[in-house]
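So the structure is just underneath, and the comments pick up after that.
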Amino acid sequence: MSISFHHRRTRIGIVLLLAIVTLLAATRSAQAQGIVGGSVIPAETVFENDAFLNGGDIVLDGTVLGDVLAIGRTVTVNG
């Protein structure tokens, strides 16, 4: 009985992995070229792309013409 459970579990894992890879491949057009990183986008800055900001205190004072993903303890968006 443990062999069939192991095979079933392995098959489920493979199917999930293939589903994730398929989803990532299908959304390729949404991926950004030249993503900016860091924790601050200063005022008067215009960034024409997506931004990934991470750190303890994140400050977005400028303009981002794209998507922003911010992960931090404190996120301040002024721009």
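Quantities reported herein were computed from a predicted structural model and do not represent experimental measurements. Numbering starts at 1 and runs along the sequence shown.
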Got a second to check how far [X]'s [atom1] is from [Y]'s [atom2], nearest 0.5 Å?
X: Asp50; Y: Leu65; atom1: CG; atom2: CG; result: 10.5 Å
X: Leu60; Y: Ser39; atom1: CG; atom2: OG; result: 11.0 Å
X: Asn49; Y: Asp67; atom1: CG; atom2: CG; result: 9.5 Å
X: Leu69; Y: Asn54; atom1: CG; atom2: CG; result: 8.5 Å

Is there a path of hydrophobic side-chain contacts, each under 4.5 Å between heavy atoms of I, L, V, M, F, W or Y residues, that connects [X] with [Y]?
X: Val75; Y: Val64; result: yes
X: Ile58; Y: Ile41; result: yes
X: Val40; Y: Val77; result: no

